[in-house]
There are 2 protein chains.
Amino acid sequence: MKPTLQAVADAVGVSRSTVSNAYSRPDQLSAALRKKILDAAQQLGYPGPNPTARSLRRGFVGAIGVLFTSQLSYAFTDPFAVRFLAGVSEGAERHGTSLLLVPLPVDRAEVRRAVENASVDGFCVYCVGDEDWVLDAIRDRGLPVVTTAPREDGGPGDRYVGIDERAAARSVADHVAALGHRRVALLGDTVLPDAPPGPLRLSAPGDAPHPTTRGRLTGFADAFAAVGVDWSAITLINAAGNSRPAGSAAIAAALTGNDPPTAVLACSDVLALGVLDALAEPGRQVVHPVSVTGFDDIADAAAAGLTTVRQPAEEKGRIAAELLLEPPADPAAGHVLLRTDLVVRTSTRPVPRS
Amino acid sequence: MKPTLQAVADAVGVSRSTVSNAYSRPDQLSAALRKKILDAAQQLGYPGPNPTARSLRRGFVGAIGVLFTSQLSYAFTDPFAVRFLAGVSEGAERHGTSLLLVPLPVDRAEVRRAVENASVDGFCVYCVGDEDWVLDAIRDRGLPVVTTAPREDGGPGDRYVGIDERAAARSVADHVAALGHRRVALLGDTVLPDAPPGPLRLSAPGDAPHPTTRGRLTGFADAFAAVGVDWSAITLINAAGNSRPAGSAAIAAALTGNDPPTAVLACSDVLALGVLDALAEPGRQVVHPVSVTGFDDIADAAAAGLTTVRQPAEEKGRIAAELLLEPPADPAAGHVLLRTDLVVRTSTRPVPRS
DNA sequence: TTGAAAGCGATACCAG
DNA sequence: CTGGTATCGCTTTCAA
């Protein structure tokens, strides 16, 4: 049995409170006594105050939970997520706060349990898919939450850090439209739950359930509507997952069909790079060059010459952590919108004359 | 005040145990009563059993601590570390275990406190530098630990997953030596604590305090000793940090000096890529092509054509997690050595004839 | 099935 | 500066 604080107290012949003070409030006892206690503890092999017991008593843990509405390894696999986390960890580190990465089970009921079991002071939710139900589970815990996508029904303490998805998406799409592209395809990840990879019909961009995807598709549509291209004339393509291979697989058919698009606008850089991969495949020669755009501006985008929208990944994470750790006095300050920038590179070109 | 289990019990008119059972052991009470309790809880806004209290009582947390002997953001900045973590998270996820990323303060005394304050069932330590003192703090907690570098004085329960650093390093160095290189430079990160970037004298490779660096330098030295090149004839260069810019900065002077090395062997891919960056800089034309090798085989290595040693990053992480979560019955199985492979690409060429 | 009682290991207030 | 006491919120025999 591991010795407890009580054991140390007995050994030294003082009360528990004194031993506790020796650890947590050195100024509350004489240096000599403190040393005596610490020595005895060392000698007994007392590992120091049990952190769980301490948290219980203090009503505070010193950790924030980070949830990915996806497999946990997504957090380390997706380039944007990694940078976001780097930012979160930076913010947390500044406050001496730990990060608890909680894996979410696939089963909904178990998700509740996972959320309920996390010893944390608050949650930071990185929204990958449509996750209102996850947010509900968290909200029921009654802890502060910060999300990366706006909530429809955010309560008073609702905190959020993001970008104006719609405007940002519009900025790239405007660029593409200005280059003369009219026959375009939009590529999104899991536009509808369980949709297979490939073309997908959606009566309006606003029908996409996931807020981020919805915002981006709507922004794309806005730009083309402005030049007279109706939503119904735009090809929407679904990718099964946010990864390069998923992007390649999803776009493949569209590129080889007759009348392929002259431009593909993807909802993420990863998907866009997948499109470039598909375009580069020997078998997949398209009759004309295809312009491609991404979203995020991850590291690989620059080398690939990908035109994209930059959003400040690390800053987003850092602010998320700070929103949790230093709650703004003014609740209105709980919603932070970051700036985005259109980054034009070589992957977009004027529409080829036919 | 948030309602407690007691409040729910009072509201329903049952005892606490019954409410507790409603949550944790559904089979211990009638479905009807359980529903009644859960409804009441919902109605009262009871957030479910407090995870901290539960952990205290159960003596088990359901989380493992992950420590980086460096800034926490290193975990998300260094490509190899990220892949390692992806592996750890995969292993943890399989067990429904969370990951607690604990930021380590710079101050040693505070490190102890940080370690002592982490509510976890075990620790996984990613060794960046010379961290015996961190390991000591952890060991004093009396929790299981798995490290990525062997410990000199590992106790009985000592768990470790790594590679044969020395042999792996030797394999690249043998390749370089076979190409005829004799005037070589070795590049390592923080070879000695607080050493400035640039050339460094070490009487023997074994003098490097950090076990990983020591192993790699020794392996490099082995290979050259075998072809008659003495340690004293080898240039050792220190980089201030494991990053591309640090690599560039450290090597710069050596490349422009007279009699520059014909080959540079770096202790990591990141440093090696930094060397390639330096070589590519307009001002830095070297009189002859310089061969460069790395270590790890991160994603960027392939694109850069970097010759390197591959070690299975994700697997390393996954095994680390498993070693913690499914302690091997046979203590000897607590030490896992992974295989490495020499990957020859275009960054190494035969020594130029002069 | 249900409930009473005994902790899990520590902290904080308040006398002394 | 030190110690008694109440309590943090829950789980778990064990008996009814």
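Please read these numbers as outputs of a predicted model, since none were measured by experiment.
In this structure, A/N117 atom CG and D/dG9 atom P are separated by 17 Å, rounded to whole Å. In this structure, the CZ atom of B/R25 is 14 Å from the P atom of C/dT2, given to the nearest Å. With rounding to whole Å, B/F60 atom CZ is found 16 Å from C/dG9 atom P. We find that CG of B/N21 is positioned 14 Å from P of C/dA4, with the value rounded to whole Å. Between B/R58 atom CZ and D/dG9 atom P there is a gap of 18 Å when expressed in whole angstrom units.
The two atoms that bring B/V88 and B/C124 nearest to each other are CG2-SG, 4.5 Å, heavy atoms only.
The side chain of B/L5 has D/dC10 as its nearest neighbour among D/dC10, D/dG3, D/dG9. Between C/dT11, D/dG9, C/dA10, one nucleotide has an atom nearer to the side chain of A/N50 than all others, and that is C/dA10.
Considering only residues two or more places apart in sequence or on other chains, A/D107 meets the side chain to side chain contact (heavy atoms under 4.5 Å, CB included) condition with A/A109, A/E110. Every residue meeting the side chain to side chain contact (heavy atoms under 4.5 Å, CB included) condition with A/A92, not counting sequence neighbours, appears here in chain and number order: A/T97, A/L99. Shown here are the side chain to side chain donor-acceptor pair (under 3.5 Å) partners of A/R113, two or more places apart in sequence or in another chain: there are none. B/E314 is linked by a side chain to side chain donor-acceptor pair (under 3.5 Å) to B/R83, counting only residues two or more places apart in sequence or in another chain. Applying the side chain to side chain donor-acceptor pair (under 3.5 Å) criterion to A/S119, with sequence neighbours excluded, gives B/T52.
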Listing, residues 23-34 of chain B side-chain donor-acceptor contacts under 3.5 Å, not counting sequence neighbours, or none:
{"from": "B/S24", "atom 1": "OG", "to": "B/R54", "atom 2": "NH2", "distance (Å)": "3.0"}
{"from": "B/S30", "atom 1": "OG", "to": "B/L33", "atom 2": "N", "distance (Å)": "3.2"}
{"from": "B/R34", "atom 1": "NH1", "to": "B/A22", "atom 2": "O", "distance (Å)": "2.2"}

Which donor-acceptor pairs under 3.5 Å do side chains of residues 37-47 of chain A form with protein atoms, sequence neighbours excluded?
{"from": "A/D39", "atom 1": "OD2", "to": "A/K35", "atom 2": "NZ", "distance (Å)": "2.6"}
{"from": "A/Y46", "atom 1": "OH", "to": "A/G48", "atom 2": "O", "distance (Å)": "3.4"}

Using a 3.5 Å cut-off and no angle test, enumerate the donor-acceptor pairs between side-chain atoms of residues 5-14 of chain B and protein atoms at least two apart in sequence or in another chain.
{"from": "B/Q6", "atom 1": "OE1", "to": "B/R16", "atom 2": "NH1", "distance (Å)": "3.0"}
{"from": "B/Q6", "atom 1": "NE2", "to": "B/D10", "atom 2": "OD1", "distance (Å)": "3.1"}

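When heavy atoms are screened at a 4.0 angstrom cut-off, A/Y23 is found touching no nucleic acid atom at all. Counting non-hydrogen atoms under 4.0 angstrom, A/Y46 reaches the backbone sugars and phosphates but no base. Using a 4.0 Å heavy-atom distance criterion, B/T52 is classed as making no nucleic acid contact. Among the heavy atoms of the strands lying under 4.0 Å from B/V14 are primed sugar atoms or P, OP1, OP2 only; no base atom is included. Here B/S55 lies out of heavy-atom contact (under 4.0 Å) with every strand.
Of the inter-residue distances, the one linking B/L324 atom CG with B/I319 atom CD1 reads 13.0 Å to the nearest 0.5 angstrom.
Close to C/dG9, at under 4.0 Å from its OP1 or OP2, lies no side-chain N or O of A/T4. Contact check, B/S20 against D/dT11: a side-chain N or O comes under 4.0 Å of OP1 or OP2. Of the side-chain N and O atoms in B/R54, one or more sit less than 4.0 angstrom from OP1 or OP2 of D/dT11.
A salt bridge links B/R112 to B/D140: at least one charged side-chain nitrogen sits closer than 4.0 Å to a carboxylate oxygen.
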Pairs: protein N or O with nucleotides 4-6 of chain D N or O, under 3.5 Å:
{"from": "D/dG4", "atom 1": "N7", "to": "A/S17", "atom 2": "OG", "distance (Å)": "3.3"}
{"from": "D/dG4", "atom 1": "O6", "to": "A/S17", "atom 2": "OG", "distance (Å)": "3.0"}
{"from": "D/dA6", "atom 1": "N6", "to": "A/R16", "atom 2": "NH2", "distance (Å)": "3.3"}

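Residues from residues 27-38 of chain A that place a heavy atom under 4.0 Å from any atom of DNA chain D, listed by number: A/D27, A/Q28, A/L29, A/S30, A/L33.
For the helix from C/dT1-D/dA16 to C/dG16-D/dC1, the end axes, each set by the C1' atoms of five terminal pairs, are bent relative to each other by 30° (nearest 10°).
Sorted by first and then second residue, the ring pair (Phe, Tyr, Trp, His ring centres under 6.0 Å) pairs involving residues 85-110 of chain A (not counting sequence neighbours) form an empty list.
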